[in-house]
Amino acid sequence: MKKRRLTTLLAIAAITPLALTACGSGGGGAKSGGDPDTLTVLDYYNNEPDKTLIQAAIDKCAEALDVKVKRETVPGKDLIQKVLQRSSSKTLPDVLMLDNPDLQEIAATGGLSPLSDYDIDTSGFAEGILDAATYEDEVYGLAPTVNTLGLFYNEDLLAAAGIQPPTTWDELKTAASALTTGDQYGLAFSAIATYEGSWQFLPFMWTNGGDETELETPEVAEALQLWVDLVDSGASSKSVLNWSQADVKDQFVAGKAAMMINGPWQIPALAESPDVKWGAVQVPVNEIGQTPIAPLGGEVWTVPVTGNDEKQGKAASFVECISSDDNQLELATQRFTVPTKTALADEYVEAVPTMEAFTEQVANARSRTGQLGEEWPEAATVIYTAIQLALTGQASVEDAFAQASAG
């Protein structure tokens, strides 16, 4: 999961006026030349093992479509700037991978082609990922796999304390308190002043009925109170204010936290510490009967408007291919992510039992941009700012979001 605040649409227009004025194929877009049987691809999977695993999927689709692929990878933090530069010079790639919260802002510029132009079937995909890939009622991208959040727990520590994995907030607070001893905290999470902090708060806010369209509500305040209670009681470290999700994983692996809120992308790192026996469940809910709702992370593959209808058609076929059932299952198994087609869930969990909780969570996961679209970054900033204000005692949970909104 990579989360970056994009420039606003006005800023995009000011920095680099897009020549891409049509949302469909052709229509005055940037001209894409070169060999019609060669597709250019841009993504941010520049680290191993993802770089190699994604390359294998790309090669598989290139062979199936009888095309050559020229791939460029960049660090995640550089991708959007690269897209802006490419649009300015009219050299957008034929296939563009985007972090799913970024899609709507790029689609709003007219730089992406809707998949309906190519009769691509988007049925069967999880609702959350389609919401993330939709702008003005058109789907602009598909994701082979996604990720989300869950509650990891140290099996040995919970067993020694006679504690079952918590399923409610009260159980979570009780378990976290009982598991706090010496330099070991009961629960670790990331409340850092970045989008990671907002991302980790969303399961608690959404599950409790809170909504990013109106943050100053009792439901949102109640979710924030849970985090304040955990820190004030000592069941969670005050350092959560500064911990990234990678830091949270490090605390868990080191035995400094008996439980943690984190995502399945940490599983390969956990596998490097075989002495740490762990399990995972969905993020606890406030009250029994609530449906746990977590944010949906992952990347979508899109077709930029290049003005070359033939290549855009082949790019659309590539997007369809990389999101095929076979590729979904293969990539999900290799990368500890979740297939985006819900019908594949049972087969996937049977093959990778450790992903059961995350697969269940994805079924009800929600897009961060589903409600606010390109305005989501502003809400995310208010959320992590309010968290910081409340956890440092600078504001009550009732006032934290109002203060954060006021700047």
Side-chain angles (χ1 to χ4, degrees), residues 1-4 6 41-47 49-51 53-54 57-58 73 75-77 79-80 95-107 112 115 122 124-135 139-150 195-196 198-200 202-203 206 245 262-268 280 282-283 293-302 318-325 327-342 344-345 348-349 352 355 357-370 376 380:
M1 180 203 59
K2 295 177 174 64
K3 299 172 286 296
R4 304 165 305 283
L6 296 178
V41 174
L42 177 62
D43 64 76
Y44 62 45
Y45 296 112
N46 66 316
N47 294 319
D50 280 346
K51 184 174 183 179
L53 295 176
I54 296 298
I58 289 174
T73 63
K77 64 182 179 61
L79 180 65
I80 296 304
V95 179
L96 172 63
M97 184 227 71
L98 291 168
D99 194 10
N100 79 77
D102 297 346
L103 179 140
Q104 293 194 14
E105 288 207 57
I106 300 302
L112 301 179
L115 298 186
T122 59
F125 286 81
E127 182 179 352
I129 195 61
L130 288 182
D131 286 345
T134 298
Y135 176 72
V139 176
Y140 284 88
L142 293 178
T145 65
V146 290
N147 60 57
T148 189
L149 289 167
Y195 292 157
E196 284 191 70
S198 302
W199 157 266
Q200 289 236 324
L202 289 178
W206 281 344
Q245 293 177 108
N262 226 316
W265 58 87
Q266 306 292 8
I267 291 177
Q282 295 189 68
V283 178
I293 302 172
L296 200 63
E299 296 76 29
V300 290
W301 296 78
T302 69
F318 178 91
V319 169
E320 189 173 34
C321 174
I322 205 165
S323 300
S324 67
D325 291 9
N327 277 330
Q328 287 198 25
L329 287 168
E330 187 170 356
L331 286 170
T333 301
Q334 294 170 335
R335 301 178 61 234
F336 292 97
T337 48
V338 179
T340 50
K341 287 190 175 180
T342 54
L344 300 176
Y348 175 58
V349 170
V352 192
M355 290 295 292
F358 301 103
T359 303
E360 292 172 346
Q361 193 84 71
V362 162
N364 296 301
R366 185 181 297 175
S367 160
R368 283 159 282 173
T369 55
W376 160 249

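Index from 1, following the sequence.
- The backbone N or O of Val146 sits nowhere less than 3.5 Å from a side-chain atom of Thr337 that would complete a donor-acceptor pair.
- When side chains are defined from C-beta on, Leu142 does not count as touching Thr340, because their heavy atoms never get closer than 4.5 Å.
- Residues forming a salt bridge (charged side-chain N to carboxylate O under 4.0 Å, His left out) with Glu330 (at least two apart in sequence, or on another chain): Lys60.
- A heavy-atom distance below 4.5 Å is found between the side chains of Arg368 and Trp199.
- Between Ile54 atom CD1 and Asp43 atom CG the span is 7.0 Å, to the nearest 0.5 Å.
- Looking at Asn147 and Val338, their side chains never come closer than 4.5 Å, going by heavy atoms from C-beta outward.
- A donor-acceptor pair shorter than 3.5 Å cannot be found between the side chains of Gln245 and Gln266.
- No hydrogens or angles considered: nothing links the side chains of Ser323 and Gln328 as a donor-acceptor pair under 3.5 Å.
- Looking only at side-chain heavy atoms (C-beta outward), Arg366 and Pro295 stay at 4.5 Å or farther from each other.
- One finds the CD atom of Glu105 at 12.0 Å from the CG atom of Leu112 (value rounded to the nearest 0.5 Å).
- The shortest distance between side-chain heavy atoms of Pro144 and Asn327 does not fall below 4.5 Å.
- Checked by atom type, the side-chain pair Glu299/Tyr45 shows a donor-acceptor distance below 3.5 Å.
- Partners of Asp131 under the salt bridge (charged side-chain N to carboxylate O under 4.0 Å, His left out) rule, at least two apart in sequence or in another chain, do not exist in this structure.
- To the nearest 0.5 Å, the span separating CG on Leu296 from CG on Leu202 amounts to 11.5 Å.
- We find the CG-CH2 distance between Leu115 and Trp301 to be 14.0 Å, quoted to the nearest 0.5 Å.
- Between Met97 and Val300 the shortest side-chain heavy-atom distance does not fall below 4.5 Å.
- Judged by the 6.0 Å distance and 45° axis criteria, Arg335 is not positioned over the aromatic ring of Trp265.
- Considering only heavy atoms from C-beta on, Leu329 comes within 4.5 Å of Tyr348 through its side chain.
- Note that OH of Tyr135 is 11.5 Å distant from CD1 of Ile106, once rounded to the nearest 0.5 Å.
- Applying the 6.0 Å contact sphere to CD of Glu127 captures no more than 12 heavy atoms from other residues, nucleotides or ligands.
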